[in-house]
Amino acid sequence: MVFATVRATFLISHRPLNAKPSKKTLRIAANGRIVAFLRSIASMETSIQPLFTAEHATCRMPKTTTAATDDAVRLPSLFRGFERQHDDVGFKTIFSDVAFELRRGDIVDLVGPSGTGKSTLLTTVAQLNPYASADLTLEGTPSTAMTPERWRREVAYLPQRPTLTGASVREAILMPFTLRVHRFSDDGSSLDERRPDEATLRRTLNTVGCSDIELERPPQDLSVGQQARVCLLRTLLTLPKVMLADEVDAGLDEENADKVGEILAYAAREKGMAIVRVRHRAADGRATRTLHLEAGVLTEITGDVAVVPAHDGERMEGEATR
């Protein structure tokens, strides 16, 4: 087809001025234009196809109880979904049949009152919640066709509270690359080439506004804002396709919160990651869309977003449904 298009263009542009093109030449030229048009349409369709979709997301959490019982508690296996109960005794529905999609480069703010299940929705998408289930696809491939390791590589979850281990910031950043999930692909081949070298670490730190952080410095000596940025940078370097940020700017001053927002914007803009941010701050102008979760209903909103404050500005330890 490409040869036919080129040949047709050559024939038309190089024929004598007083010569009429033959029917065959016109037909080839027309076919070439049709092929080019169809390819452009296919390219457009590919570019607007969602990167990630979630459908029928449902979570039913056990109700809190202090009643003594001798019955053994059995939790369902992670990544296998939760076997739906036939009655509501002992369980509370957080949300049911929720759906949304993400495209490359999206920054989606997830807002709503505290206790409505925003964090729970993120853990559902990350397949970290044994009481939740959903039909999930990534680049057209259902999660059921992927190994848990591959899903962990492609869909990254960032908790609110930063956790850094190791004797230095360098060790803390490189920690994920010591784990099997980031060392080997599904077929057993090595992923060592994805491990950033020293130059990449320093360059990335500088690019995302972390030039004030020394790689040799003990992570315990970092400020809360610096720890949050290092945790975010660590996830960024693992190159997920979807990043789920659970109030990663909570408890930070405005300057550090803005730096965290800029790192996420960099990931979306330069790396094409799709990002979901649970937020209780005022809109910072970086979100491409805003989703509102309340009373188990997820809706997309436009215009000015009302800020819903959290409990005393932060999540209570163990609060699962915010």
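As the structure is a prediction and not an experimental result, all values here were calculated from the model.
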If I compare all heavy atoms of Ala134 with all of Thr124, which pair ends up nearest, and what's the gap? CB-CG2, 4.2 Å

With rounding to the nearest 0.5 Å, note down the distance linking CD in Glu171 to CE in Met175. 11.5 Å

Can you find a heavy atom in the side chain of Ile263 that is under 4.5 Å from one in the side chain of Leu233? no

Tell me every residue that passes side chain to side chain donor-acceptor pair (under 3.5 Å) with Thr53, counting only those two or more places apart in sequence or in another chain. Thr137

Separation between CD of Gln49 and CD of Glu101, rounded to the nearest 0.5 Å: 9.0 Å

Among residues at least two apart in sequence or on other chains, which ones pass salt bridge (Lys or Arg N to Asp or Glu O under 4.0 Å) with Asp212? Arg229

Arg202 to Cys210 - nearest heavy-atom pair and separation: NH2-O, 3.5 Å

For Arg170, all residues meeting salt bridge (Lys or Arg N to Asp or Glu O under 4.0 Å), sequence neighbours excluded: Glu198, Glu216

Can you tell me how far the OG1 atom of Thr58 sits from the CG atom of Asp135, to the nearest 0.5 Å? 9.0 Å

Nearest 0.5 Å please: distance from the CG atom of Leu136 over to the CD atom of Glu55. 9.5 Å

Please give me the minimum heavy-atom distance between Arg281 and Ala257, naming the atom from each residue. CZ-CB, 3.5 Å

Closest heavy-atom pair and its distance - Thr116, Ile94: O-CG2, 3.9 Å

By side chain to side chain donor-acceptor pair (under 3.5 Å), which residues pair with Thr288, not counting sequence neighbours? Asp106

Got Asp246 and Thr123 here, is their nearest side-chain heavy-atom distance under 4.5 Å? no

Does any non-hydrogen side-chain atom of Val108 lie less than 4.5 Å from one of Arg277? no

Using modelled atom types and a 3.5 Å cut-off, is there a donor and acceptor pairing between side-chain atoms of Lys118 and backbone atoms of Gly112? yes

Say you draw a straight line from CD of Gln220 to CG of Leu164; how long is it, rounded to the nearest 0.5 Å? 8.0 Å

Taking the side chain as every heavy atom from C-beta outward, state whether Gln160 and Val278 have any pair of such atoms under 4.5 Å apart. no

If you group Ile, Leu, Val, Met, Phe, Trp and Tyr by side-chain heavy-atom gaps below 4.5 Å, do Val224 and Val169 land in one group? yes

With sequence neighbours excluded, give me every salt bridge (charged side-chain N to carboxylate O under 4.0 Å, His left out) pair touching residues 123-134. none

Let's go through Lys271 and Tyr266 carefully: what are the C-alpha distance in whole Å and the side-chain angles of both, what is the deciding distance for side-chain contact (heavy atoms from CB on, under 4.5 Å) to 0.1 Å, and is it a yes or a no? CA-CA 7 Å; Lys271 304 298 181 181; Tyr266 170 84; 3.9 Å; yes

Indicate the atoms forming the closest heavy-atom contact of Cys59 with Ala132, along with that distance. CB-CB, 4.0 Å

Set out, in order, the CA-CA distance, both residues' side-chain angles and the distance that settles side-chain contact (heavy atoms from CB on, under 4.5 Å) for Leu122 and Leu110, then state yes or no. CA-CA 10 Å; Leu122 291 196; Leu110 180 58; 4.3 Å; yes

From NE2 (His182) to OG1 (Thr238), nearest 0.5 Å: 4.5 Å

Is the shortest side-chain heavy-atom distance between Val125 and Phe100 below 4.5 Å? yes

On a heavy-atom basis, which atom in Pro50 and which in Arg103 lie closest, and how many Å separate them? CA-CG, 3.9 Å

Residues which pass side chain to side chain donor-acceptor pair (under 3.5 Å) with Glu262, listed by chain and number, not counting sequence neighbours: Arg286

Non-hydrogen side-chain atoms of Ser168 and Leu215 separated by less than 4.5 Å: no

Flag side-chain contact, heavy atom, 4.5 Å: Asn129 against Met61: yes

Is the shortest side-chain heavy-atom distance between Lys259 and Gln226 below 4.5 Å? no

Take Leu138 and Trp151 through the test side-chain contact (heavy atoms from CB on, under 4.5 Å) and record every step on the way to the result. CA-CA 9 Å; Leu138 182 67; Trp151 194 262; 4.1 Å; yes

Test log, rule side-chain contact (heavy atoms from CB on, under 4.5 Å), inputs Asp284 and Asp258: CA-CA 8 Å; Asp284 61 3; Asp258 185 67; 5.7 Å; no

